[in-house]
Amino acid sequence: MGGVQKNKKKKVAIKDYVSWFEILAIDFQQAVDFYNHIFDITMEQNRTEVNAMAFFPVTSGIGGGIVAGPGYVPSDHGPLLYLNAGEDLNDVLNKVEEVGGRIVMPKTLITEEMGYFAIFIDSQGNKLALYSKN
């Protein structure tokens with residue numbers, strides 16, 4: 001008896017397992033001001049009657065934004081998002097407390113090859129991490 005032949009597709013490795021991220025906010029403008037300050041950027045904003053969104057400026061790679069609206073509740077529980085802090089994460093981390101954030105873990109070596117990370121709570125109460133090679 002012949003068996004059923006299964007169609008076996010070759011699995012293609014996924015390049016990036018994150019395709020978009022959203023950081024939740026209650027006070028939208030305070031959150032936008034927080035990230036504009038620590039990263040020294042200006043986020044483009046889009047507001048509707050229902051929600052508000054601001055976008056991290058990117059030229060390539062993974063994008064994301066700040067979002068506020070019904071059902072968007074900041075939290076320090078759940079998955080931990082690592083934001084790229086450029087050359088040295090202290091350049092970003094040192095600005096966190098200036099705009100209402102709190103440092104939970106200072107710059108910490110992972111390994112010489114992998115680089116460094118730090119953890120902070122943003123102005124909305126979200127727990128996030130920063131990453132840099134140096």
Side-chain angles (χ1 to χ4, degrees):
M1 290 197 172
V4 177
Q5 250 187 344
K6 293 183 180 179
N7 185 7
K8 290 187 176 186
K9 289 185 180 181
K10 184 177 179 179
K11 288 193 176 196
V12 177
I14 296 173
K15 181 179 178 242
D16 297 307
Y17 281 87
V18 173
S19 59
W20 177 258
F21 66 88
E22 293 180 349
I23 299 172
L24 311 181
I26 299 292
D27 185 331
F28 177 72
Q29 195 58 55
Q30 181 187 50
V32 172
D33 292 345
F34 178 88
Y35 287 98
N36 280 342
H37 182 80
I38 69 171
F39 283 108
D40 195 24
I41 59 173
T42 300
M43 301 176 86
E44 180 181 330
Q45 298 179 35
N46 181 16
R47 296 175 189 246
T48 69
E49 290 181 22
V50 179
N51 63 16
M53 191 164 223
F55 307 95
F56 285 93
V58 295
T59 55
S60 65
I62 298 162
I66 308 297
V67 64
Y72 292 105
V73 180
S75 174
D76 63 352
H77 298 83
L80 185 59
L81 174 66
Y82 281 72
L83 300 173
N84 184 343
E87 284 294 312
D88 182 346
L89 67 82
N90 274 335
D91 294 340
V92 176
L93 188 66
N94 290 340
K95 298 176 188 175
V96 165
E97 293 177 335
E98 295 173 3
V99 281
R102 182 170 52 91
I103 297 169
V104 176
M105 180 178 287
K107 182 176 177 179
T108 304
L109 178 67
I110 303 166
T111 67
E112 290 294 334
E113 297 78 32
M114 292 183 72
Y116 297 84
F117 79 104
I119 299 174
F120 69 98
I121 305 293
D122 74 4
S123 65
Q124 301 298 297
N126 293 301
K127 182 167 74 170
L128 296 116
L130 296 170
Y131 170 80
S132 67
K133 267 305 241 185
N134 299 313

Below 3.5 Å, can you tabulate the donor-acceptor pairs from side chains in residues 77-84 to any protein atom, sequence neighbours excluded?
{"residue": "Asn84", "atom": "OD1", "partner": "Gly86", "partner atom": "N", "Å": "2.8"}

Please list every donor-acceptor pair under 3.5 Å in which a side-chain atom of residues 97-106 meets a protein atom from a residue at least two apart or in another chain.
{"residue": "Glu98", "atom": "OE1", "partner": "His37", "partner atom": "NE2", "Å": "2.5"}

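Within a 6.0 Å radius of CG in Asp88, more than 12 heavy atoms belonging to other residues, nucleotides or ligands are found. Other residues, nucleotides and ligands contribute at most 12 non-hydrogen atoms within 6.0 Å of the CD atom of Glu44. For Lys127, the NZ atom sits in a loose shell: 12 or fewer heavy atoms of surrounding residues, nucleotides or ligands are nearer than 6.0 Å.
Using a 4.5 Å heavy-atom cutoff, the side chains of Ile26 and Tyr72 are not in contact. Residues Leu130 and Tyr116 fail the side-chain proximity criterion, which asks for heavy atoms closer than 4.5 Å.
The shortest heavy-atom contact between Ile66 and Ala31 is CG2-CB, 3.8 Å. The shortest non-hydrogen separation linking Ser123 to Gln30 is O-OE1, 3.6 Å.
With hydrogens and angles ignored, the 3.5 Å screen pairs a side-chain donor or acceptor of Asn126 with a backbone N or O of Leu24. Formation of a donor-acceptor pair under 3.5 Å by the Gln45 side chain with backbone atoms of Met53 is not found in this model. Under the 3.5 Å distance criterion, the side-chain polar atoms of Asn36 are matched with a main-chain donor or acceptor of Met43. For Lys107 (side chain) and Asn134 (main-chain N/O), a donor-acceptor pair under 3.5 Å exists by modelled atom type.
Of the inter-residue distances, the one linking Phe56 atom CZ with Phe39 atom CZ reads 6.0 Å to the nearest 0.5 angstrom. Rounding to the nearest 0.5 Å gives a distance of 8.5 Å between CD1 of Ile38 and CG of Leu93. Within the model, atoms CZ of Phe120 and CG of Asp76 stand 13.0 Å from one another, a figure rounded to the nearest 0.5 Å.
Checking Asp122 against Tyr35 by side-chain atom types alone, a donor-acceptor pair falls below 3.5 Å.
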Quiz prompt | Verdict with supporting geometry, Gln124 and Ile23, side chain to side chain contact (heavy atoms under 4.5 Å, CB included) | solution = CA-CA 9 Å; Gln124 301 298 297; Ile23 299 172; over 6 Å; no

